*Asks:* 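Attaching a single structure in structure tokens format; questions to follow.
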Amino acid sequence: MTTTRFAPSPTGLLHVGNIRTALHNWLLAKRSGGRFLLRIDDTDAARSREDYVEAIRADLAWLGIAAEGEERQSQRFALYEAEFERLKGEGRVYPCWESPQELELKRKVLLGRGLPPIYDRGALALSEEEKAQKVAAGDAPHWRFLLDRDEPIAWEDGIRGPQSFEAAMMSDPVIRRADGSWLYMLPSVIDDIAMGVTDVLRGEDHVSNTAAQVQMFTALGGTVPRFAHEALLVGTEGKLSKRLGSLGMAQLREDGIEPEALIALLGRLGTSDPVDPALRLADLAASFDLSRFGRAPARFDETELARVNAAIVHTLPYEAVAERLPDGMDAAAWEAVRPNLAHVHEAADWWQVVTGPIAAPDLAEEDRTYLASAGEVLEGLDWEPGVWKALTSALKEATGRKGKALFLPLRLALTGMEHGPDMGAMLPLIGRAAALERLRAV
Ligand code: GLU
């Protein structure tokens, strides 16, 4: 069974890039009836915050992305410790004492000689006695994972194709700090094994981590999962804007973005398949296919998000939005204004137009006379659903006006606006008394 996971660090709000990763992992699992897990990477106690954990859960729930299980790395330290001891016993992790300054100097020397800045494994040359002395002096080491330089590193990336790395060209990664705290690399692999993760799908910024982690899976006796790395997410003008790169979903929600719009757009982002506002999670899962993803940066286009959002708003049934509408606004009113909305919250503006008071329209003198007769005509009509049609037909007949000259002054007088929802639906909502009053007020 396919098992995927989304592993955010709760050190900030989820932005569209994180949501893309979460969604694609969910789709990858669900496409074959698999499991999707949430793993909170909160090993960094100083930077992790509980309110971010809650925001992550709330955002996923809002989007309809449900996890089959949730694990927190901060509750799994005993497991990491045990696995670490095992690797230590096997000589796959080793203590190091270089200070950041020393390491930086070593790097500079190598770069200066035109050599790749690979860690020289200086710490491996220390004798047992030297190490014991340092420990006795209270000088705690940090720890590195010993890469096997004879073992080539290769994997078939679900998006990037065949990948291969030379362990000899890589530094042994630091996996644990001198204060005992964990870096991301090793706990992630321990968890992926323990949680039975079969597929790791994440951003291409993790490719070099994967190269080291492939050996960690093997060293821990686990099965190396299938890996796939998605291209960078960028905005329309290059880098993802600061706004989108740091904005949480709560902000997008406040801006009036529907979860379905983000799902429809992000579900296809990175492929050349068209974005279809009608597609929901289940549809996207059924057609999700890593081979459709390209290696070129994926562009997140806010204009397209707005377009998809509007298209979705135009199909939302009253029941789906009722609690977000102003008091008194019923299904007929929602259906009347819905085609004119880019966001659900704009319904309130049209409801204000219906219930009044409305802005006094700017009218030409001849239109005032025309509207006065419109009031008289309307007074004589039966107040029934087709009243707008009856009114305009009668006025056309009586005045010879047509097109804009026939309709616009009426719209202006009745709504105070030049554009808006179909008057055939608006007039019955405005009601007879208010309509007559507005025609007479001009
Ligand atoms: N916490 C890591 C991150 O947010 C997880 C990476 C991974 O998916 O392995 O980058």
Side-chain angles (χ1 to χ4, degrees), residues 2-29 34-50 52-53 55-57 59-60 65 67-77 79-80 83 145 153 155 157-160 163 165 173-177 181-217 220 222-233 240 245-246 248-249 266 270 290 293:
T2 301
T3 299
T4 64
R5 85 309 192 264
F6 173 50
S9 306
T11 54
L13 296 170
L14 297 182
H15 56 69
V16 289
N18 309 128
I19 290 296
R20 171 184 70 156
T21 305
L23 172 63
H24 289 181
N25 274 287
W26 188 91
L27 296 172
L28 182 61
R35 292 190 307 155
F36 166 78
L37 308 172
L38 174 61
R39 187 184 84 202
I40 304 289
D41 282 6
D42 56 352
T43 53
D44 186 341
R47 290 177 58 232
S48 298
R49 275 174 33 187
E50 208 48 38
Y52 288 139
V53 176
I56 289 167
R57 292 189 193 122
D59 290 345
L60 295 178
I65 301 177
E68 266 76 51
E70 180 184 311
E71 296 288 349
R72 296 187 62 146
Q73 290 200 316
S74 58
Q75 288 164 8
R76 301 168 65 82
F77 289 142
L79 174 64
Y80 307 153
E83 294 296 75
F145 176 79
I153 300 171
W155 74 91
D157 195 285
I159 293 173
R160 299 164 65 86
Q163 304 288 300
F165 282 77
V174 177
I175 50 146
R176 199 170 190 183
R177 299 185 191 89
S181 66
W182 298 99
L183 280 109
Y184 148 77
M185 296 284 274
L186 185 65
S188 180
V189 174
I190 294 172
D191 286 339
D192 285 338
I193 296 172
M195 292 159 68
V197 170
T198 59
D199 292 75
V200 173
L201 170 58
R202 55 192 182 185
E204 66 181 10
D205 49 324
H206 281 288
V207 169
S208 57
N209 287 340
T210 299
Q213 286 179 324
V214 163
Q215 286 204 354
M216 293 181 189
F217 276 97
L220 289 163
T223 309
V224 181
R226 285 181 289 266
F227 281 100
H229 296 87
E230 299 200 293
L232 214 69
L233 187 64
L240 203 58
S246 59
M249 295 304 106
L266 292 174
L290 285 179
F293 286 80

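In each ligand, atom 1 is the first atom listed, and ligand 1 is the first ligand listed. In this text, all values refer to a predicted model and were calculated from it rather than measured experimentally.
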*Asks:* Can you tell me which residue and heavy atom of the protein come closest to atom 5 (C) of ligand 1, and the distance to 0.1 Å?
*Replies:*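 Checked against all protein heavy atoms, atom 5 (C) of ligand 1 sits closest to A7 O, 3.2 Å.
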*Asks:* Taking NZ, NE, NH1 and NH2 as the nitrogens, is one of them in R72 or E50 under 4.0 Å from a carboxylate oxygen of the other?
*Replies:*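 Salt bridge between R72 and E50, a charged N being under 4.0 Å from a carboxylate O: yes.
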*Asks:* Under a 4.0 angstrom heavy-atom cut-off, which atoms of ligand 1 come close to S188?
*Replies:*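 In order of number, 9 (O).
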*Asks:* Specify side chain, backbone, both or neither for F6, according to which of its non-hydrogen atoms lie closer than 4.0 Å to ligand 1.
*Replies:*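 Answer for F6: neither.
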*Asks:* If you count the atoms of ligand 1 from 1 in the order shown, which ones are under 4.0 Å from a heavy atom of S9?
*Replies:*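 Numbered from 1, ligand 1 contributes 1 (N), 4 (O).
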*Asks:* Counting non-hydrogen protein atoms only, what is the nearest one to atom 1 (N) of ligand 1? Give residue, atom name and distance.
*Replies:*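 Checked against all protein heavy atoms, atom 1 (N) of ligand 1 sits closest to D41 OD2, 2.6 Å.
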*Asks:* Quick test of your reading of the model: are R57 and E70 salt-bridged, counting only N-O distances below 4.0 Å?
*Replies:*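 Result for this pair is yes, salt bridge flagged.
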*Asks:* Taking the side chain as every heavy atom from C-beta outward, state whether S188 and R39 have any pair of such atoms under 4.5 Å apart.
*Replies:*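 The answer is yes, as the side chains (C-beta and beyond) meet within the 4.5 Å cut-off.
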*Asks:* Which residue from R5, Q213, H206 reaches closest to atom 8 (O) of ligand 1 through any of its heavy atoms?
*Replies:*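 Closest candidate by heavy-atom distance is R5.
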*Asks:* Between the side chains of Y80 and D191, is a donor N or O closer than 3.5 angstrom to an acceptor N or O?
*Replies:*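 Distance-only check passes for Y80 and D191.
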*Asks:* P225 and V200: which non-hydrogen atoms are nearest, and at how many Å?
*Replies:*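 Between these two residues, the closest heavy atoms are CG-CG2, 3.8 Å.
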